[in-house]
Amino acid sequence: MTSTATPPPSPAGAPPVPPGGGGPEHEPPVWLRRLRGFGYAPAAPAADVRTRLVPPYARPSVQLWTALGIGEAGREKWQRAMAWAGPLLVALVAGVLRFTHLGSPKAVIFDETYYAKDAWATIRQGYEASWPKDVDKSILANPDAVPLPTDPGYVVHPPVGKWVIGLGEWMFGFDPFGWRFMTALLGTLSVLMLCRIGRRLLRSTFLGCLAGALLAVDGLHLVMSRTALLDLVLMFFVLAAFGALVVDRDRARARLAAALPVDEEGRARPDAGVAETLRLGWRPYRLLAGVCLGLAFGTKWNGLVVLAFFGVLTVLWDAAARRTAGAGAPYAAMLRRDALPGFLSTVPVAIAVYLTSWLGWILSPDDGRGGYFRDWAAKSDQNSSLSFLPEWLRSLWHYETEVYKFHVGLTSGHTYQSNPWSWLVLGRPVSYFYESPSPGTDGCPATEAGKCAREVLALGTPLLWWTGCFALLYVLWRWLFRRDWRAGAIACALAAGLLPWFNYQERTIFYFYAVVFVPYLCLAVAMMIGALLGPAGSSERRRALGAIGAGVLVLLIIWNFIYFWPIYTGQTLPMDSWRGRMWLDTWI
């Protein structure tokens, strides 16, 4: 007769403890163990389904605890502490790198000329303004003396990113430090999030912290964290949504695991009735993902593509969970129980958040003194068949259609445009800022025979990205041939940030758009390094060789980041030193 007793609860934040593992009370009977002396090996007990639904986290070896002098009683406390202490330490390092001399160069670099001013107008009056030409120098000299324009400005991106950048300007002023503060903060927080996401995804605090550390020393992520552009804000909200969905996956599978019946040996068994009929109840993290995806969509429209990718991913996760729990028709069960709640907690929520982000524009006057096109319905759409809709909604729809036409028709050439085929191999980075100081000025040594170079180059850390190309192949192999859901999740998120751009081969696009998928490239490298270290049960020699190889690779990536640090942060270099860092002709 099958028992329905549930296992004892696990400590907070820990996965369920397999009822059949670890304790002497679950050893085979004495008479069965004695048969081993006659060459009979009893079959290993069947795996507990709960460990398949919610796998345990990796634990350091006993040798490591012994070397550190930590007894058995203190091991759990140390593991719980390191689950947060490790990510916080990595984030602290990332923050120092991003906030050091954040206001340098004291200039309006690259597209800051649009977003810094749009953010200032948005935070002051709720919508963007039309700024006079050549106002940047006046802003840098004395921002308080520059009046806010009254005419609305035509912009081609939604307002969330500008609200975020404007928050930093509201706190610290209309200057380079102010308009870069929030991107530096979000860049730092994204490193912390990736550490925690990687820990949960890969079930290893070490590998999670490694993924975050790789993000901390990526040049593209660093430059974007120190520049007031929208793409870093988009990356942050996409990563937050991904993390929320990973947490939701764990919590949903834990509920399934807790509902499964257990046998007389205390092991959970698959059960078709439970797997196909159980309602998973309130799922707040999926709702949080919907909010984050709405904020991503409200920063740049490619957030909508990410919403579609992640929507497919999460329903596939639900079907896989029900199959593991014993469902005979997992996809049918998912469609009956999970699809509609999943849709309602993401898509309508994201759309509602997107519309809410336009509130400043919506509440502006519709008599020509408000946001751009705010008065369109009142002036040009009075006899429309859609006149039953609010005027602000019709005006916003018209605005959005005009913006869409602009985006698909943007084919004018640019010096730093690139094709997405070249992004992973760093074919054409973007120069945000460049000066040639004369000897004896602006940090250029007086002994130099010619001018120096001072540049901010949006370039990923080369060794990290080129390693990432191999890691991507490894992830695809793990997903396609080993059915590893972790590899599939990484591949899906990376594809959401990269693949849509291949539809716009004629459009003017840039390499720095790739910052959206940098976190998942770091996760792929961390997963590959985990495989390099060796699976559990590997010999000491195998572990040692793997650790040496992984350590050398990580140290080379860090060295590479340090080497390129001057051209990430706009430091003055002798011309020969600058040329030495231009490894490819296309970087100039």
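Quick caveat: nothing in here was measured; it's all calculated off a predicted structure.
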Are the side chains of L214 and I557 in touch, meaning some heavy atoms are under 4.5 Å apart?
yes
Does any part of the side chain of R226, heavy atoms only, come nearer than 4.5 Å to the side chain of T183, both counted from C-beta?
no
Within a strict 4.5 Å, meaning less than it, do heavy atoms of the R200 and Y57 side chains meet?
yes
ring-ring contact (aromatic ring centres under 6.0 Å, His included) partners of F99, counting only residues at least two apart:
F181
Would you confirm whether T205, through its side chain, and Q79, through its main-chain N or O, come within 3.5 Å as a donor-acceptor pair?
no
Identify whether the distance between the nearest side-chain nitrogen and carboxylate oxygen of R267 and D48 falls below 4.0 Å.
no
Report yes or no: does R322 contribute a side-chain atom to a donor-acceptor pair with the main-chain N or O of W317 at less than 3.5 Å?
no
Side chain R196, main chain A83, donor-acceptor under 3.5 Å:
yes
Not counting sequence neighbours, which residues clear ring-ring contact (aromatic ring centres under 6.0 Å, His included) with W559? List them please.
Y563
Look at the side chain of R253 and the backbone N and O of V54, then say whether any donor-acceptor pair between them is shorter than 3.5 Å.
no
What closest approach, in Å, do L344 and V349 show between heavy atoms, and which atom pair accounts for it?
O-CG2, 3.7 Å
Quick one: are the ring centres of W465 and Y511 less than 6.0 Å apart?
yes
Is there a side-chain contact between V347 and L293 in this structure, where contact means two heavy atoms from C-beta onward sitting under 4.5 Å apart?
no
Here the salt bridge (charged side-chain N to carboxylate O under 4.0 Å, His left out) pairs for residues 521-535, sequence neighbours left out, are none
Treating R543 as the side-chain partner and G534 as the backbone partner, does any N or O pair qualify as donor plus acceptor under 3.5 Å?
yes
Is there a donor-acceptor pair under 3.5 Å between the side chain of T314 and the backbone N or O of G311?
no
Would you give the length of the straight line joining atom CG of L202 to atom CD1 of I197, rounded to the nearest 0.5 angstrom?
11.0 Å
Answer whether the closest heavy-atom distance between the side chains of M235 and F517 falls below 4.5 Å.
no
Here the pair of heavy atoms bringing V49 nearest to A325 is CG1-CA, 4.4 Å
By ring-ring contact (aromatic ring centres under 6.0 Å, His included), W479 pairs with (sequence neighbours left out) none
Determine, stepwise, if the pair F237 / V160 fulfils side chain to side chain contact (heavy atoms under 4.5 Å, CB included).
CA-CA 11 Å; F237 288 126; V160 168; 3.9 Å; yes
Identify whether the distance between the nearest side-chain nitrogen and carboxylate oxygen of R283 and D318 falls below 4.0 Å.
yes
Can you name the salt bridge (Lys or Arg N to Asp or Glu O under 4.0 Å) partners of R255, sequence neighbours left out?
none
Would D250 and R203 pass as an ion pair if we require N to O under 4.0 Å?
yes
Can you tell me if E276 uses its side chain to pair, donor with acceptor, with the backbone of G328 under 3.5 Å?
yes
Once you round to the nearest 0.5 Å, how far does CZ of F236 lie from OG1 of T299?
10.5 Å
Is the backbone of V305 close enough, under 3.5 Å, to the side chain of N302 for a donor and an acceptor to pair up by distance?
no
Given M527, which of D484, L532, L207, L201 fulfils the side-chain contact (heavy atoms from CB on, under 4.5 Å) condition?
D484
Mind listing the closest non-hydrogen atom pair of L426 and G460 along with its distance?
CD1-O, 3.5 Å
Please lay out, stage by stage, how C522 and H221 fare under the test side chain to side chain contact (heavy atoms under 4.5 Å, CB included).
CA-CA 11 Å; C522 295; H221 189 271; over 6 Å; no
Quick one: ring-ring contact (aromatic ring centres under 6.0 Å, His included) partners of W421, sequence neighbours excluded?
F502
When you compare the side chain of L192 with that of V90, does any pair of heavy atoms fall below 4.5 Å?
no
The test is side chain to side chain contact (heavy atoms under 4.5 Å, CB included); show your working for R337 and L280 and say whether it passes.
CA-CA 8 Å; R337 301 297 183 189; L280 297 177; over 6 Å; no
Give, for atom CD1 of I165 and atom OG1 of T227, the distance between the pair rounded to the nearest 0.5 Å.
10.0 Å
What do you reckon, are the aromatic ring centroids of F242 and Y520 less than 6.0 Å apart?
yes
May I have the step-by-step check of side chain to side chain contact (heavy atoms under 4.5 Å, CB included) for L222 and R98, ending in yes or no?
CA-CA 6 Å; L222 176 82; R98 281 146 183 77; 3.8 Å; yes
Distance, nearest 0.5 Å, that separates CG of L232 from CG of L220:
9.0 Å
For P519 against L239, the heavy-atom pair lying closest together
CB-CD1, 4.0 Å
Do D218 side-chain atoms and T461 backbone N/O form a donor-acceptor pair below 3.5 Å?
yes
Heavy-atom side-chain proximity of R199 to W84 below 4.5 angstrom
no
Nearest 0.5 Å please: distance from the CG atom of L313 over to the CZ atom of R249.
9.0 Å
Nearest 0.5 Å please: distance from the CG atom of L555 over to the CG atom of N560.
12.5 Å
Within a reach of under 6.0 Å around OH of Y285, are more than 12 heavy atoms found that belong to other residues, nucleotides or ligands?
no
Distance-minimising heavy-atom pair for P420 and I509:
CD-CD1, 3.4 Å
Given L556, which of L463, T467, L464 fulfils the side-chain contact (heavy atoms from CB on, under 4.5 Å) condition?
L463
Can you tell me if K162 uses its side chain to pair, donor with acceptor, with the backbone of H157 under 3.5 Å?
yes
Between A211 and L523, the two heavy atoms sitting closest are CB-CD2, 3.8 Å
Do the non-hydrogen side-chain atoms of L229 and F512 ever get within less than 4.5 Å of each other?
yes
